[in-house]
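The structure under discussion appears below in the form of C-alpha cells.
As the structure lists them, so they are numbered: ligands from 1, and atoms in each ligand from 1.
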Amino acid sequence: MKKLVKIETTKFRKHVAGLDASESEKDKNMPTLHWVGKNKVVNHHHEVPFRLLDKKYSFAGNEGTPANSTNNKIIHGDNLEALKSLLPEFEGKVNCIYIDPPYNTGNEGWVYNDNVNDPKIKKWLGQVVGKEGEDLSRHDKWLCMMYPRLKMLHRLLADDGVIFVSIDDNEVANLRLLMDEIFGRGNFIAEMIWEGAFKNTASQIGVNHEYVILYAQNKSKIAKEWNIAKDAAEPVLKEVARLKKKHGEDYETASEELAGWFRANKANECFAHRRFRYIDKRGAYKEDDPTAPGGRKFELINPKNGNVIPLRANRGWAFDQATFNQMVDEGRVSFVTETTIMIRRYFHETDTATPQSVFYQPTRSASERLASIIGAGKFEYPKDETIVQKFFEMVAGPNSVILDSFAGSGTTAHAVLNLNAQDGGNRRFILCEMMDYADTLTAERVRRVINGYGEAKKSVAGLGGGFEFYTVGTALFREDKNLNEEVGAEAIRGYVAYTENIPTEQRWDTENAVSQYALGSTDSALCVFYYEKDRVTTLDIDFLGTLNIKNLPSRPEQFVIYADKCALDRDFLYKHGITFKRIPRDITRF
Ligand SMILES: C[S@@+](CC[C@H](N)C(=O)[O-])C[C@H]1O[C@@H](n2cnc3c(N)ncnc32)[C@H](O)[C@@H]1O
C-alpha cells in the first residue's frame with residue numbers, strides 16, 4: 001500500500017460540507033423539490049455541533065418482571081443534535097426507523113406544536129435560515145425542519161434498514177419528493193394507508209386515512225419477502241366453518257359471502273387475510289401464481305388433457321411434474337383459462353400473512369389505552385402501538401435497533417417491548433423527544449409499560465426491560481473550533497475514534513496491549529491519540545518507542561498519531577508511514 005505523508009492541522013470534523021457519496025449514485029434526472037430556505041439547510045447536518053449525551057439515570061423493571069431488552073435509550077432534546085450524538089455508536093447501525101413528525105396541520109393547541117411554530121424550532125430556524133426564516137411559509141418551514149433531520153436519519157440507517165414515516169395530506173406530496181432526494185427514488189417501497197384516523201374537518205370528502213411512507217436504505221439489500229405472524233386466525237376459521245355448514249358444496253356462494261365478510265370485518269388482522277377469500281372442501285384459500293423468476297424451466301403437462309401449459313418469459317415453475325400431478329389430483333390447482341393455472345394456498349396451512357398496504361385501526365382505542373397507562377388528556381393522537389408493532393414485525397429481526405426521533409408518548413418503545421415479549425426478541429429502542437415531557441410522559445409511559453399498570457381487573461402485567469435516560473449535553477468543540485476539554489478524555493477519545501472510521505468493535509479502551517493512548521485500528525492504520533489534559537504532548541522518537549507494536553498480530557502499514565506537537569521531520573514520517581494530526585486546542589496556556 002502506498003504510504004501517505006500528511007501533516008495536518010486537524011479539524012476532526014470528517015463530514016465537510018458537500019454532497020454525500022450516496023447522492024452521486026442517485027438518479028441525476030429526478031425532479032427535485034425547491035423551497036425558500038432550502039439552500040440554507042441542505043448541508044446543515046454537517047454543521048450541527050457534536051454534543052455528548054449526558055446520562056441522567058438508568059431504569060430497570062422491578063424484580064419479577066419478565067426479561068426484555070434493557071440497553072435502550074430515551075433522549076431529551078432536539079432530535080437534530082440528539083441524532084448527531086448517536087453517530088459515533090450508531091452510524092449505519094439502525095435497522096428500522098419509525099417517525100411520526102408533526103404533520104404541519106396548522107394546529108398549535110396540542111401539547112406539542114404541530115405548526116413548526118414551536119419556540120424551539122422557531123429559534124432554530126432563525127439561527128439556520130437567518131432573517132429570511134421569518135417570512136417562510138408554513139410549508140417552507142416544515143421542509144427546512146425536516147430536511148437535515150432526514151439526512152441524519154439516512155446516515156444512521158443500516159444498509160439493509162427500512163424507514164417508516166407517518167404523514168397526512170398536508171405534507172405527503174412534499175415528503176415523497178424529500179425522501180426521493182435523500183433516500184433515492186429507487187429505494188421507495190410503499191405508500192401505505194393507515195385507515196381509521198378520522199378527521200372531522202371534511203367538507204367535500206371525509207378523510208379517514210393517513211399515510212406511512214416506506215423507504216429502504218438500499219432496496220437490493222432488504223429481505224425479498226416480508227411476513228407478519230398470522231393474527232386473528234380464529235374469527236376467520238369460525239366464519240369459514242359457518243359458511244361451509246350453511247352452503248354445503250355450494251362453494252361459489254360460500255366464497256361470495258366470505259369476501260363480503262372480509263369487507264365488512266375491517267379489524268386489521270382479519271382484513272390482512274382477505275386474499276383467502278375462496279372456499280372449497282378443504283377450507284379458505286387464496287390463489288397464487290406458481291411461477292417465479294429463477295424457477296424450473298420445463299414443459300409442464302396438464303394431466304387432464306395432455307397439453308403443455310405455457311410458461312411466461314423469464315419465469316420458471318415452482319414444482320416438478322410429479323408434484324404438479326399430485327396437486328391436480330388433490331384439487332389444489334385452479335385452471336383459470338386453458339393456458340393459465342393458479343395454485344391454492346390454504347389459510348389453515350399457513351402461519352404468516354403477507355403485509356398489505358392498508359392498515360386498519362380500531363377508532364380511538366390507542367388514545368384510550370394511553371389514557372389507561374398515564375391518565376386521560378395527557379397526549380393527543382398517539383399512534384396505535386399494535387399497528388406500529390406490525391411494522392417492526394415486518395422488518396426488524398430479533399436483535400434490531402429501532403429508532404424514533406419524534407417520540408411523543410413513547411408508542412415506539414411500547415411496540416418494541418411488546419414484540420420482544422411476544423417472540424422472545426431482544427430489539428432495542430432509541431427515542432428522542434424535544435419537549436419537557438420527555439421524562440414525565442414519554443419515559444413515564446415506558447416505565448409503566450415495563451412494570452405493569454392499572455388496578456384490580458384492569459391491571460396489565462409489566463413487559464419487563466429497562467432504559468437509560470439522557471439529555472443532549474455539552475458540545476465537544478468550542479465556538480473557536482478548539483476542543484472543549486471539559487467533556488473529559490474518554491469522550492474525546494470516542495469521538496476521535498469515530499472520525500477516524502474505527503469500527504465500534506475495533507475501538508480500544510486505555511487498557512490495551514499497545515498503549516494507553518492507542519484508540520484502535522482500522523484495516524489500514526493504527527490510531528493513537530497522545531493527549532494529556534494538563535500537559536503539551538510531542539510526537540517524537542521517545543513516544544514512538546512507548547508503542548508496543550510487537551503485541552499486534554502484524555505491524556500496521558500506517559499510523560495516524562495525534563499530539564500537540566511533532567518533533568519528527570517529514571522524511572521520517574514518510575519512511576515510517578506516519579500521519580501526524582495536531583490536536584485542536586490552545587496550548588499557549590501551558
Ligand atoms: C406527532 S407526535 C409523535 C407521536 C407519537 N408517534 C406517539 O404515538 O405518541 C410528534 C412528536 O415529535 C416531537 N418533536 C417535534 N419536533 C422535534 C424535534 N426537533 N426534536 C425532537 N422531538 C420533536 C413533538 O414534541 C411531538 O411529541
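- Electrostatic pairing of Glu444 and Arg448 counts as a salt bridge here, judged by a charged N lying under 4.0 Å from a carboxylate O.
- Between Asp180 and Arg185, at least one side-chain nitrogen of the basic residue sits less than 4.0 Å from a carboxylate oxygen of the acidic one, meeting the salt-bridge criterion.
- Centroid-to-centroid, the aromatic rings of Tyr495 and Phe50 come within less than 6.0 Å.
- Annotation for ligand 1: atoms under 4.0 Å from non-hydrogen atoms of Gly77 are 20 (N), 21 (C).
- The pair Arg149-Glu81 does not meet the salt-bridge criterion, since no charged nitrogen lies less than 4.0 angstrom from a carboxylate oxygen.
- The only member of Thr352, Asp423, Leu419, Asn227 that meets side chain to side chain contact (heavy atoms under 4.5 Å, CB included) when paired with Glu393 is Leu419.
- You'll find the ring centres of Phe183 and His154 inside the 6.0 Å limit.
- Close approach of ligand 1 to Met435 is summarised as follows: ligand atoms under 4.0 Å from at least one heavy atom of the residue are 25 (O).
- Looking at Arg478 and Pro49, their side chains never come closer than 4.5 Å, going by heavy atoms from C-beta outward.
- Annotation: cation-pi pair Arg176/Phe188 present, NZ/CZ under 6.0 Å from the ring centroid and within 45° of its normal.
- At least one heavy atom of Tyr437 sits closer than 4.0 Å to an atom of ligand 1.
- Protein heavy atom in closest approach to atom 20 (N) of ligand 1: Asn79 N, 2.9 Å.
- Among all non-hydrogen protein atoms, the one lying nearest atom 9 (O) of ligand 1 is Ser409 OG, 2.6 Å.
- Taking 4.0 Å as the cut-off, Glu385 does not count as a neighbour of ligand 1 on heavy-atom distance.
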Problem - Verdict with supporting geometry, Tyr57 and Asp439, side chain to side chain donor-acceptor pair (under 3.5 Å) - result: CA-CA 11 Å; Tyr57 65 84; Asp439 190 21; 2.5 Å; yes
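- Taking 4.5 Å as the limit, some side-chain heavy atom of Val41 sits within range of a side-chain heavy atom of Val128.
- Residue Leu370 places no heavy atom under 4.0 Å from ligand 1.
- The nearest protein atom to atom 4 (C) of ligand 1, hydrogens excluded, is given as Asp100 OD2, 3.2 Å; this is a heavy-atom distance.
- Considering both main-chain and side-chain atoms, Lys383 comes within under 3.5 Å of ligand 1 through a nitrogen or oxygen pair.
- Listed by number with element, the atoms of ligand 1 under 4.0 angstrom from any heavy atom of Ile121 are 19 (N).
- In this structure, Val401 and Arg427 have side chains that are not in contact, with every pair of non-hydrogen atoms separated by 4.5 Å or more.
- Looking from atom 1 (C) of ligand 1 to the surrounding protein, the closest heavy atom is Tyr112 OH, 2.9 Å.
- With a heavy-atom cut-off of 4.0 Å, Leu80 does not touch ligand 1 at all.
- Counting only heavy atoms from C-beta outward, the side chains of Leu80 and His44 approach each other to under 4.5 Å.
- With a 4.0 Å heavy-atom cut-off, ligand 1 is reached by no atom of Tyr103.
- Closest heavy-atom approach to atom 25 (O) of ligand 1 among the candidates Glu433, Met434, Arg445: Glu433.
- Contacts of Lys120 with ligand 1, taken as heavy-atom pairs under 4.0 Å, are absent altogether.
- Every atom of ligand 1 is numbered from 1 in the order shown, and the set under 4.0 Å from a heavy atom of Asp78 is 18 (C), 19 (N), 20 (N).
- Not close to ligand 1: Ala366, with no non-hydrogen atom less than 4.0 angstrom away.
- Arg138 forms no cation-pi arrangement with Trp35, by the criterion of a distance under 6.0 Å to the ring centre and an angle within 45° of the ring axis.
- Nearest to atom 7 (C) of ligand 1 among the protein's heavy atoms is Thr411 OG1, 3.3 Å.
- Of the protein's non-hydrogen atoms, Phe406 CD2, 3.6 Å is the one closest to atom 14 (N) of ligand 1.
- Residue Ala407 places a heavy atom under 4.0 Å from ligand 1.
- Using a 4.0 Å heavy-atom cutoff, Ser405 is listed among the residues neighbouring ligand 1.
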